[in-house]
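Right, one structure below, let's go through it.
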Amino acid sequence: MPIPSNLLSPSLMDKNNGRQDGGEGPLPAPSAGWEGVVRRGQGPQVPGSPPPKPFHKVLKPNNLCEVAVALPLFQTLTYRLPSSLQDTARVGCLVRVPVGRQQVSGYILGPAREVPGVKIREVLALLDPLPRFGSELVPLWRWVADYYQYPLGEALSHLIPGGSRPSCPKREHWVAIRAEADHSPSRRLGARAQEILDYLRKTDKPVAVRELRRIFPTCPPILQRLARQGLVSWEERLAFADPLKDKPLRPMESGLTLVPEQQDAVEAVVEGIKNEEFAPFLLHGVTASGKTEVYLAAAREALAQGRQVLVLLPEIALTHPVAQEFRRRFGERVALLHSGLTDSQRLDQWRRLAAGRAEVAVGARSAVFAPLPRLGLIVVDEEHDPAYKHEGGLLYQARDVALYRGQLARAAVVLASATPAVSTFFRARQGRYRYLHLPKRVTPQALPEVQLINLRQQRGGAGLKIISPPLASAVTATLGRGEQVLLFLNRRGYATVLFCLFCGHLFQCDQCSVALTQHHFRDRLICHYCGFERAVPERCPACQSTAIKRHGVGTERVEAEVRRLWPEARVARLDRDTAPHSGRALDLLGDFAAGNLDILVGTQMITKGHHFPGVSLVGVINADQSLFFPEYHAGERTFQLLAQVAGRAGRGGVPGKVLIQTYQPEHYVFQTVRDQDYENFFDKEVNSRRELGYPPFTRLALVRVSGVPQEKVAQQAKKLAESLRRIVGRDPDLASRLRILGPAPAGLAKLKGRYRWQILVKSYGRPPLLALLKQLRQVWSPPPQSKIDLTLDIDPANLF
DNA sequence: AGCACGCCGACT
DNA sequence: GTCGGCGTGCTC
Ligand SMILES: [Zn+2]
Ligand SMILES: [Zn+2]
């Protein structure tokens with residue numbers, strides 16, 4: 001039996017084997033393999049000077065290299081470099097190689113050794129002369145593939161732009177004046193040539209011919225002549241487009257001073273950068289506490305130290321303004337990376353970074369993999385945002401990848417949020433992240449007043465109302481003062497959960513403590529975590545009432561009710577139906593901000609980024625829809641959402657008012673939102689997680705089986721769950737630390753024509769989970785020629 | 001992912 | 001006797 005090459009390749013000799021990490025964190029310490037060498041300390045970059053070559057030659061004289069091919073393989077392959085490529089091929093180069101009788105693309109990861117019993121074939125072609133990444137990223141690639149149990153080559157083909165087609169970076173011509181120009185007689189030159197020379201003399205640094213043409217449209221032939229005469233230098237450089245070029249730069253506000261708390265935070269982060277050790281921080285700052293100023297100042301220092309900066313934001317829409325802020329301060333050294341760019345635009349930005357022509361990368365989730373060989377600071381803004389978890393394909397959590405990357409690069413990592421993720425705050429409490437607190441707003445804006453409205457029915461009371469009398473009168477009063485109202489509701493519940501109208505009792509799974517969902521195909525309540533099933537109840541077990549309600553009210557009904565109650569008001573609705581994509585949505589938001597509307601009814605999207613100075617009342621129609629959502633983290637999401645909504649209320653010096661309608665006003669999530677007390681929320685939430693065995697006290701993995709027909713999917717899921725339980729049962733070590741829940745139909749039991757079943761694995765510590773998942777690969781026999789497949793979600797965020 | 005190898009049913 | 005079904009396993 002031949003030994004897989006990667007077991008022999010030097011790069012894997014010292015690979016870390018899922019090292020113990022203390023149980024809760026997803027991040028084993030990185031090993032210091034040959035790829036992990038950290039190079040830095042080149043000193044400050046002088047703009048315009050050629051950047052140091054970020055990539056060293058690592059391919060050894062045997063001319064064998066390890067290649068991750070774009071196939072679903074859980075191993076890398078070894079190839080020989082033909083003599084024609086021996087000088088040009090580097091780590092990070094995109095190549096075409098033969099695999100079986102097909103040809104595929106892949107990336108060179110490093111040198112390799114002969115593989116006993118395998119005839120090594122040759123690399124066929126170099127698809128891009130420039131490496132797409134340096135050796136500093138190789139250990140990160142390996143870790144991601146291993147941690148998320150995803151084939152490495154396939155992962156790279158998704159993460160790096162420009163993966164398939166051969167592509168040569170564009171080049172352009174640059175000219176500069178040479179000393180000879182001063183000594184040569186000027187009579188022999190034309191007037192135009194003289195002008196150009198004067199311009200170049202004045203500029204005194206290389207200029208792109210493309211730029212020069214804007215001033216002297218006919219310059220290329222003249223320049224060529226001047227170059228032949230030795231009066232100007234003529235060279236070729238890589239050409240990059242600047243995606244921010246057309247956007248106007250607002251002038252920088254002057255007199256920006258930091259308050260003492262900001263100052264302290266900056267100093268702590270800067271110290272972390274200078275120490276050249278991994279330095280993770282939680283920057284916990286309320287809305288408008290000036291978190292951005294802190295990381296901008298830290299970034300300035302990182303750049304001054306010759307280190308690079310990576311800034312991650314949860315949404316594409318937020319990347320442009322932040323990139324602009326950076327550009328105002330640091331000029332053109334800023335690259336922008338997000339999935340809203342075309343593949344060729346992304347490749348262009350990627351190459352700019354890989355070639356060392358940009359020092360700062362700003363982007364969304366996928367930018368966490370940007371090629372930055374001298375990384376010194378990573379900022380994950382709004383670190384709690386679920387958008388950092390990629391859904392589909394490689395299911396990575398960009399915040400966690402950023403932390404691991406920070407360890408490899410010995411960089412400072414700043415996780416910034418007003419409402420940190422429970423797992424993040426937990427580690428800050430443990431002292432694993434240094435805690436930086438910005439408790440005060442830098443703008444003179446009062447905190448909003450939050451009130452809870454109990455929706456519970458009284459016996460013999462009035463019927464159900466979408467808008468309760470207290471909220472209605474608050475709206476009337478607000479409109480009477482000529483102020484605006486925001487009515488917020490959750491996206492229509494795609495989960496059907498049941499609760500009691502009289503006492504607020506929620507029907508939950510006793511074992512998992514998540515809401516049971518009513519599935520359309522059977523009239524039963526099911527726990528989609530563990531598969532528990534029961535009949536639909538007729539009475540509430542807590543108060544014996546028969547008033548059991550299904551959840552869900554949509555924006556249309558709210559809008560209709562609003563129009564009925566306030567026929568004079570100017571009302572608009574904003575949700576997926578009204579506003580497919582931004583265009584109309586932006587118009588509506590603009591109208592609202594300008595005061596042309598009185599009431600805006602909307603979903604989640606109105607909480608993001610927009611601030612409406614005229615809004616003095618925010619009504620949350622159905623907060624329970626979020627709290628009752630069948631996920632273990634429903635409470636965390638609800639707190640974060642409501643805290644963000646509350647931050648939208650209020651203007652200038654006048655505090656806004658937030659009214660939250662709920663059937664469980666005594667629930668700690670609402671109590672702590674009302675008090676705007678994050679730490680109290682955290683303490684309650686973390687106790688519940690501890691008792692129930694959810695993260696950060698356990699690690700989760702979701703094994704999802706999907707396809708058609710439904711019966712086959714269910715049967716495969718059952719078989720798989722049995723196999724997993726057998727594996728665990730055989731090993732007492734695993735048995736004590738692993739729980740297999742399910743199989744159960746997913747909450748979304750059918751998605752895009754495919755039926756979904758799932759198995760949830762809970763693990764105390766990472767090693768047992770890893771051991772199980774490694775064996776999973778063997779017991780999963782791809783079922784008979786079927787359209788059924790299996791996906792593994794590590795640290796899942798969406799178990800529904 | 002492809003593609004070849006291989007071991008059992010109905011066809012020239 | 002073979003042609004071909006797709007289950008199984010490998011690809012440097
Ligand atoms: Zn009840
Ligand atoms: Zn359950």
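Numbers restart at 1 for each chain; the letters A, B, ... are given by sequence-line order, proteins then strands. Note that these values count all heavy atoms, side chains included, but never hydrogens, waters or copies made by symmetry. All figures in this text were calculated on a predicted structure; none of them were measured in a lab.
- Atom CG in A/Asn63 sits roughly 19 Å away from atom P in C/dC12 (whole-Å rounding).
- Applying the side-chain contact (heavy atoms from CB on, under 4.5 Å) criterion to A/Lys389, with sequence neighbours excluded, gives A/Glu391, A/Leu395, A/Gln397, A/Asp793, A/Ala797.
- Taking A/Lys170 as the reference, nothing meets the salt bridge (charged side-chain N to carboxylate O under 4.0 Å, His left out) condition, with sequence neighbours excluded.
- The salt bridge (charged side-chain N to carboxylate O under 4.0 Å, His left out) test with A/Asp789 is passed by exactly one of A/Arg754, A/Arg704, A/Lys712: A/Arg754.
- A salt bridge (Lys or Arg N to Asp or Glu O under 4.0 Å) check over residues 74-85 of chain A, counting only residues at least two apart or in different chains, returns the pairs A/Arg80-A/Glu114.
- Remark: A/Ser83 engages A/Gln86 in a side-chain contact (heavy atoms from CB on, under 4.5 Å) (not counting sequence neighbours).
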*Give the dot-bracket string for DNA chain C, reading 5' to 3', where a pair is Watson-Crick or G-U wobble with both distances under 3.5 Å, ( ) marks pairs inside the strand, [ ] marks pairs crossing earlier ones, | marks a partner on another strand, and . marks unpaired.*
|||||||||||.

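- A/Glu114 has its CD atom 11 Å from the C1' atom of C/dC12, to the nearest Å.
- What separates CD of A/Gln102 from P of C/dT11 is a distance of 13 Å, to the nearest Å.
- To the nearest angstrom, P of C/dT11 lies 14 Å from CZ of A/Arg101.
- For A/Arg351, the salt bridge (charged side-chain N to carboxylate O under 4.0 Å, His left out) partners at least two apart in sequence or on another chain are A/Asp128.
- Applying the side-chain contact (heavy atoms from CB on, under 4.5 Å) criterion to A/Ala358, with sequence neighbours excluded, gives A/Ala335, A/Arg352, A/Leu353.
- The ring-ring contact (aromatic ring centres under 6.0 Å, His included) contacts involving residues 81-125 of chain A comprise A/Tyr107-A/Phe133, where partners must be two or more places apart or lie in separate chains.
- For DNA chain B, the outermost nucleotides in 5' to 3' order that have an atom under 4.0 Å from a heavy atom of chain A are B/dA1 to B/dA4.
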